Amino acid sequence: MAVDVGDQPWEFDVCNIMRMLSPKSLRPECDQTEPYPALDSFRCLVDDRAVRTAMDAMPMPTKIQFATIGRPRYDPLCAFFNSCVNNCDAGYDALLRSDRASDLGTSILRPRKERWWPSLLFSVCDPRDSAYGTVQPALVARAAAADAPGEPISSPPQAARHTMLITLAALAKGGWGGIVPLAERYARMQFDAAPLRLFSLVIGVNCKTHTLRFLIFHRGGLTASREIELDEQEGRCAVQQVLFAILLWQKAEDAGFPSFTNGVEWVIPSDDPARPVHVDADEVLFQSSSVRGRGTVVLRVLPREEECDLVHIRHLLNRKPSLCKPTAQQRPPHGLVSPLAACDLEQLTVFTRFSQQNPRGVVLKSSWPDRKKLRIEAEVYASCNGQFGVPDHLLSFEACRSDGAAYSNSIFLPPKGNTTFASYRWYPFDEHDSAASPPDHRTLQVTVIADKGESLEHCESAKDLSMCVLHAQLGWLSMMSIGGKGYLHRDVSIGNVVRPIVPVQRRAFTSRRGVEELVKGLHHIKHSASSEAIESNNEGAQGSHADRPAKDEHDRSGAEGAKRHSDKEGFWTNLGGAAGHNPYLKNIVNAAQRLEKALDKLGLSTECRALLIDGECAGFLPEYFVDPPHAGNVFGTPEFMSQPLVAALGKVHSTYVRNPVDDLNSFMWTTVWGAVFNPRADASQRSAAAQETLEQWQKMLKTHERLSALSEIEGRVPRDSSPIVKGISSLIRIWRRELEDLEVKFGYAFEDALTADQRLHVFYQFALEGVALYAELLHELRGTLGLKMEVLQ
């Protein structure tokens, strides 16, 4: 299927579609901690007896006189939908006058002019209207004022940038295979405008069969109503009832918007549940454009002092729902929403105090991870928080509805207990896949980190870029937590390595403790006096920046330097001896020692220039070879994948195991990308030929021709190429060959490893060796890269 929803189109009867779209609340007897509550877990407003009576009392909508050719065929549809809306508005007013209206168990209805959409007005879309880009719906429904029927509400003059009027669209074509791709493109536009919205609704009309489907796009795919016969009175009545369910929306949550933000204003929990942080979105740092998937958005947010209402959220490492004060119940004016964004993390540190001390704000990330990755990013950050090369993680939480239920797409998916889901599958393209995947459950999660940065595309020089990549690789090792409960990142890319505007202080990088614990843990070796002495000597390497000797203290006497060198050599000699006759452990010890020597030559300090972020694709290493899905689980950003990974990506049932050498290759591609797409080079200083070559490389790196671009970049670049490209050319040339050799060696070593422990040790060994060889290359090419050892950080 050539659309974003993949193999995830589902279909339900009209009654279930009404319940999905209706305002609802979690039943008291249902568990609030359930991450994916089913539709039956909610009490829906359309099930209320008074509401059903009002729906049954509505008059029948007008008939549709379908035209066969030309634009006039949309006019009868337009008249039909407006007839339905008028009947719904009258039914709503009658419901308000009903004696039973105040007894509604789920919601107290507001006056019509105060509900989410006071009314709707369908109109034929003007083909000259550029607001919909390449998607031209047949009809659009705009929110209309209750006291001015037919008058669309315009955007307020102070609307946030990139706002979009959330409307319904009706698409009419001759078959579902043509309707679904167009509807998905329109849904993508709505998600681009409101990425935190739970769903996007599009109406599809099949002009050949005179049938209609309500198409509900969500982060897990597409849920559609079964075909509704528009030539039948019963079918037209069903359409009217679904529109009535939509016009029952009272507040933003009913329309699919989370309660802790209106897209510009956010409320984030802090270490004090009674004093949340009220922040404003200041800058969109990243926003992915998709329907199904993670829908990641990253914002810089600025704190401000202001009280706000309590709403429900759930901290990711504490599944119990709790009240905090995310954004006041201010709905966006007239349904307007702006592009949102958020960032990554978890762990309740002093977010309030930190925000007040950082007027530049913090980074907030929102995304919709699938079931397998429910808490993975929060756990990744919690495992390595504060270490070199990784961000300062402040908080992660799962969005909840006001009733405490998870903010999940599960209400649009088949119920639990069905093993095949065959009765719910819909094949709009007539492509029946017997191996189709199960329902794609997703929930909205938000992470907040302290360190705002920019892309490596903004590095100032080849020196800056090369050192940033080294620091990010050390962050990659920090996430791996060798000897502990670490993670393999598996999605290194230009978007997942950030360069702080001002370098940040971190604990000095060291692999000593992890490698030592790995050896001792496996051999039950007790701490010897010499080992403890070595650990004591190494405390400075694991402490904060304040504990590390000042730069001038590095100039010590030859005797002191020799003693320090002897201590280091002694540590690794003792540790190698402790590894005994285990070749896997000895290889890890040797690789770690090699890395330490390389970093010492570079004079690495506690000043960190780059951070590796985003743990949503990470794999938990202690279970990496126990959990079968890790084999053949190929995903990520293709432009930055290793060649073996790209090859595996094209296979239906791949057995390829993603490994550290894949990530190391991704660092190389990230470096190339950062140099070629760097905007600092002044085009006026280059010849037209050099500029054309650069632009050609940029195009090639985005396609299957990236290997050709790489060969040209590492070869003889034009004399007047940008300095940063010329600077990294030699680095890439040697680095690429080294990685190819490392890949071959890894393949043999991994093939020889028979147990899960041995395979994990091979991972550790080649991760350390890969970073060590890069650090050695920087020292070897220090002249070309402009590196000066005495000032390197």
Side-chain angles (χ1 to χ4, degrees), residues 388-389 456-475 497 499 503 508-509 551-552 554-556 558 561 565 568 591 593-610 664-665 667-682 685-687 690 693-694 697 709-742 768-793:
F388 196 91
L456 294 190
E457 295 170 358
H458 297 279
C459 287
E460 298 177 356
S461 63
K463 164 191 170 181
D464 187 17
L465 176 59
S466 59
M467 289 305 296
C468 282
V469 172
L470 173 63
H471 288 198
Q473 289 189 48
L474 295 178
V497 179
R499 173 180 177 267
F509 176 83
K551 194 171 295 183
D552 58 359
H554 287 290
D555 301 325
R556 300 181 178 180
H565 176 75
K568 288 184 177 181
Q593 183 180 14
R594 176 185 173 187
L595 175 59
E596 184 177 280
K597 288 181 178 179
L599 296 179
D600 281 348
K601 288 181 180 179
L602 292 176
L604 191 76
S605 76
T606 56
E607 190 172 273
C608 186
R609 291 185 175 183
L664 291 167
N665 272 279
F667 277 114
M668 182 193 68
W669 286 109
T670 298
T671 306
V672 172
W673 191 285
V676 173
F677 285 88
N678 190 294
R680 293 180 179 272
D682 186 0
Q685 296 177 0
R686 295 196 296 272
S687 66
T693 298
L694 183 66
W697 287 343
L710 185 64
S711 297
E712 293 181 20
I713 293 167
E714 66 179 16
R716 185 179 177 183
V717 298
R719 290 179 181 273
D720 57 348
S721 293
S722 66
I724 195 167
V725 172
K726 289 193 294 185
I728 64 102
S729 177
S730 299
L731 171 65
I732 296 300
R733 183 185 310 119
I734 303 174
W735 192 11
R736 180 186 183 184
R737 304 294 180 264
E738 293 282 1
L739 286 177
E740 289 174 349
D741 290 343
L742 195 71
L768 291 165
E769 286 189 2
V771 180
L773 76 82
Y774 179 77
E776 291 166 351
L777 279 178
L778 295 191
H779 186 265
E780 178 183 339
L781 299 174
R782 58 191 180 279
T784 302
L785 296 170
L787 304 177
K788 296 181 180 180
M789 297 302 102
E790 66 271 14
V791 296
L792 261 185
Q793 293 181 348

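Computed from heavy atoms alone, side chains included, the values below leave out hydrogens, waters and symmetry copies. Note that the structure is a prediction, hence the values are computed from the model and not measured.
Contact annotation: the side chain of Val725 never approaches that of Ser729 to less than 4.5 Å [non-hydrogen atoms, C-beta and beyond]. By the 4.5 Å heavy-atom criterion applied to side chains, Glu460 and Arg499 are counted as neighbours. Side-chain contact between Leu773 and Leu664 is absent, with no heavy atoms from C-beta onward closer than 4.5 Å. Looking at heavy atoms from C-beta onward, Asn678 lies out of side-chain contact with Leu465 at the 4.5 angstrom threshold. Two residues are said to be in side-chain contact when any heavy atoms from C-beta on lie closer than 4.5 Å; Leu456 and Asp464 fail this criterion.
Identified under the ring pair (Phe, Tyr, Trp, His ring centres under 6.0 Å) test for residues 721-742, with sequence neighbours left out: Trp735-Tyr774.
With values rounded to the nearest 0.5 angstrom, Ser730 atom OG is found 6.5 Å from Leu781 atom CG. Distance CG/Leu778 to NZ/Lys463: 12.0 Å, rounded to 0.5 Å. Expressed to the nearest 0.5 Å, how far CD of Glu776 lies from CG of Leu595 amounts to 8.5 Å. Rounding to the nearest 0.5 Å places SG of Cys608 at 9.5 Å from CG of Leu470. Residue Lys726 holds its NZ atom at 15.0 Å from CD1 of Ile713, rounded to the nearest 0.5 Å. To the nearest 0.5 angstrom, Ser461 atom OG is 12.0 Å from Ile728 atom CD1.
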Assess whether side chain to side chain contact (heavy atoms under 4.5 Å, CB included) is satisfied between Val717 and Thr693, documenting all intermediate values.
CA-CA 9 Å; Val717 298; Thr693 298; over 6 Å; no
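Take Asp600 and apply the side chain to side chain contact (heavy atoms under 4.5 Å, CB included) test, not counting sequence neighbours, and it matches Lys568, Glu596.
When each of Leu731, Val497, Thr671 is tested with Val469 by the rule side chain to side chain contact (heavy atoms under 4.5 Å, CB included), just one qualifies, namely Thr671.
Of all non-hydrogen atoms in Glu714 and Ser711, the two that sit nearest each other are CG-O, 3.4 Å. Heavy-atom minimum distance, Gly727 versus Thr784: O-CG2, 4.0 Å. Summarising the geometry of His471 relative to Glu607, their closest heavy-atom pair is CE1-O, 3.3 Å, with the distance given to 0.1 Å. For the residue pair Cys468 and Arg609, the shortest heavy atom distance occurs at SG-O, 3.7 Å. Residues Ala591 and Leu768 come closest through the heavy atom pair CB-CB, 3.7 Å. Taking all atoms of both residues into account, the shortest heavy-atom contact from Gln473 to Gly770 is OE1-O, 4.2 Å.
In terms of modelled atom types and a separation under 3.5 Å, the side chain of Arg782 and the main chain of His779 share a donor-acceptor contact.
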